[in-house]
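Per chain, numbering begins at 1; letters A, B, ... match sequence-line order.
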Protein chains: 2
Amino acid sequence: MHSDLESILKTAGQSVTKPRQAVFETLSHTDEPLKNGEIAKRTPQVDRASVYRTLELFTKLGITTTTIRGWTPFTELAEPFKPHHHHMICEHCGSVEEIASDTLEDVLTLIANRHQFILKSHTVELSGLCDSCSKSLPQPVAS
Amino acid sequence: MHSDLESILKTAGQSVTKPRQAVFETLSHTDEPLKNGEIAKRTPQVDRASVYRTLELFTKLGITTTTIRGWTPFTELAEPFKPHHHHMICEHCGSVEEIASDTLEDVLTLIANRHQFILKSHTVELSGLCDSCSKSLPQPVAS
DNA sequence: ACATAAATGCGACGTAATCGCATTTATTAT
DNA sequence: ATAATAAATGCGATTACGTCGCATTTATGT
């Protein structure tokens, strides 16, 4: 199996180029999803248009996944570079916790099967209050 | 319990204004998620900036939910105006199927609980091939 | 090393989204 | 009802986002 960028690109019949490696590097250097623009900023040696084209390719190849927060897309590495996971985002402090659950995955597979749907990918985002914020915040007043 | 826009806004200490009602009307008149810009176009009597501010408020109050497709955010009414659901999107024909599953909801609640996380909202998006597309498309060649 | 196809950088463009501020509107108390 | 005041809107300007066509550069396979 391929497990590095080069083999994935080659397997897909795509060229291994410096810009693509640079974007990949940028993504590797962080553990949080980044705004697309932020990825571009952190990869100044690569033109913005190329960053977008690369990100589009990466997503198509499953190298990255994109999720939304507010109205802004955030992109991060996907499997096999990061274990499969989803996000739990605190509305108050903005912290992002990664979650993984086989049960969850099973349920999603089941739902897809039930609809004759061939599941290629999926995203799950939970939003609420993290442990510490829920403790430090005053309770909502019941009237 | 409140079940209409007016009571939700009032309960939240927000003003009931014509622009907000207009945006809400626009959202009510469709059953598919719309691009934010499209919502603005369909609500020409309201300034674009106000549409965005309204959408931001609506999302904070849980009146609407926003999901991403490609890199573009789509917004639609949430509960109680639409029954709680998620999306299954065909990569090939772009069709959107709504899905709902108590089991799925239970699993998400469990995961949140396990992390002491107070779950306020969540999104789930499945991507792949719908039944008809998977039948009409040629099978990928195994090499 | 060379030919060729593919990807990049660049510049320009159209759209999306945000901001500050004067004006208008909704709300609350009188 | 009406007036006071706090909030939301519209407007114009501005910034950021994302896309496109095309000349140039780079990777690839022979």
Side-chain angles (χ1 to χ4, degrees), chain A residues 2 4-27 33-61 63-76 94 143, chain B residues 2 4-27 33-61 63-76 94 143:
Chain A
H2 51 237
D4 60 309
L5 181 63
E6 238 185 273
S7 358
I8 295 183
L9 289 174
K10 284 186 175 163
T11 304
Q14 296 286 335
S15 303
V16 180
T17 67
K18 281 178 188 165
R20 289 174 181 173
Q21 290 172 318
V23 170
F24 184 81
E25 267 301 295
T26 299
L27 290 169
L34 296 178
K35 288 188 198 187
N36 296 332
E38 181 64 25
I39 297 171
K41 274 181 202 147
R42 294 193 188 187
T43 321
Q45 69 272 36
V46 179
D47 186 74
R48 217 180 49 258
S50 297
V51 171
Y52 278 99
R53 284 185 285 235
T54 298
L55 252 23
E56 187 184 3
L57 174 69
F58 279 8
T59 297
K60 197 184 331 184
L61 297 183
I63 296 170
T64 54
T65 56
T66 302
T67 53
I68 198 173
R69 201 156 311 157
W71 292 333
T72 312
F74 284 72
T75 304
E76 68 181 326
S143 61
Chain B
H2 50 237
D4 60 307
L5 180 63
E6 240 185 272
S7 358
I8 295 183
L9 288 174
K10 285 186 176 164
T11 303
Q14 294 287 335
S15 303
V16 179
T17 67
K18 280 178 189 167
R20 289 174 181 174
Q21 291 173 317
V23 170
F24 183 81
E25 267 300 295
T26 299
L27 291 168
L34 296 179
K35 288 188 195 183
N36 296 332
E38 180 64 25
I39 296 171
K41 274 182 202 147
R42 295 194 188 186
T43 322
Q45 69 273 34
V46 179
D47 186 73
R48 216 180 50 258
S50 297
V51 171
Y52 279 99
R53 284 185 286 234
T54 299
L55 252 24
E56 188 184 2
L57 173 68
F58 279 8
T59 298
K60 196 184 332 182
L61 297 184
I63 296 170
T64 53
T65 56
T66 301
T67 52
I68 198 174
R69 202 154 311 158
W71 288 333
T72 312
F74 284 73
T75 304
E76 68 180 325
S143 61

- Message: If I take atom CD in residue A:Glu6 and atom P in nucleotide D:dA27, what distance separates them, rounded to the nearest angstrom?
- Response: 12 Å
- Between D:dT26 (C1') and A:Gln45 (CD): distance, integer Å: 16 Å
- Message: Nearest 0.5 Å, please: how far is OG1 in B:Thr64 from CZ in B:Phe24?
- Response: 10.0 Å
- Query: Do B:Glu76 and B:Thr65 come close enough that some side-chain heavy atom pair is under 4.5 Å?
  - Reply: yes
- Item | Nucleotide C:dA26, atom C1' - distance to NZ of B:Lys18 in whole Å | 11 Å
- Note on the structure: From the candidates D:dT28, D:dC11, D:dC17, the one with an atom nearest any side-chain atom of A:Tyr52 is D:dC17
- Within this structure, what is the CG-to-C1' distance between B:Leu9 and C:dT25, rounded to whole angstrom? 15 Å
- Query: Rounded to whole angstrom units, what separation is found between the CG atom of B:Asp47 and the C1' atom of C:dT23?
  - Reply: 13 Å
- Report yes if the side chains of B:Leu9 and B:Leu57 come closer than 4.5 Å at any heavy-atom pair, otherwise no. yes
- Task: Examine D:dT9: is either OP1 or OP2 under 4.0 Å from a nitrogen or oxygen in the side chain of B:Thr17? Give yes or no.
- Result: yes
- Message: Determine whether a donor-acceptor pair (one donor, one acceptor, N or O, separation below 3.5 Å) exists between the side chain of A:Arg48 and the base of C:dG9.
- Response: no
- Out of D:dG18, D:dG10, D:dT28, which nucleotide sits closest to the side chain of B:Ser50? D:dG10
- Query: Considering only side-chain heavy atoms of A:Arg20, which listed nucleotide, D:dT9, C:dT8, C:dT27, is closest?
  - Reply: C:dT8
- Query: How bent is the helix from C:dA1-D:dT30 to C:dT30-D:dA1, comparing axes over its five end pairs at each side, to the nearest 10°?
  - Reply: 60°
- Roughly how far, to the nearest 0.5 Å, is CZ of B:Phe58 from OG1 of B:Thr66? 12.0 Å
- Query: When the nearest nucleotide of DNA chain C is assigned to A:Val51 and to B:Pro73 on a heavy-atom basis, which residue is associated with the more 5' position?
  - Reply: A:Val51
- Item | Residue whose nearest DNA chain D nucleotide is more 5′ - A:Glu38 or A:Ala49 | A:Glu38
- Message: With hydrogens left out and only the distance checked, is there a donor-acceptor pair under 3.5 Å joining A:Arg53's side chain and the base of C:dG9?
- Response: yes
- Is A:Pro33 close to A:Arg69 at the side-chain level, that is, under 4.5 Å between some pair of heavy atoms? yes
- Let me know the distance between CD of A:Gln21 and C1' of C:dT8, rounded to the nearest Å. 14 Å
- Task: Give a yes or no on whether a salt bridge exists between A:Arg42 and A:Glu38, defined as a side-chain N under 4.0 angstrom from a carboxylate O.
- Result: yes
- Measure from CD on B:Glu56 to P on C:dC19 and round the result to the nearest Å. 9 Å
- Query: Picking from C:dT27, C:dG9, C:dA6, which would you name as closest to the side chain of B:Ser15?
  - Reply: C:dT27
- Note on the structure: Taken to the nearest whole Å, CD/A:Gln14 to P/C:dA6 is 10 Å
- Message: Would the distance check show the side chain of A:Arg20 and the main-chain N or O of A:Ser15 forming a donor-acceptor pair, the cut-off being under 3.5 Å?
- Response: yes
- Starting at the 5' end of DNA chain C and moving along, which residue's nearest nucleotide shows up first, B:Pro19 or B:Asn36? B:Asn36
- Message: Apply side chain to side chain contact (heavy atoms under 4.5 Å, CB included) to residues B:Arg53 and B:Val51 and explain how you reach the verdict.
- Response: CA-CA 5 Å; B:Arg53 284 185 286 234; B:Val51 171; over 6 Å; no
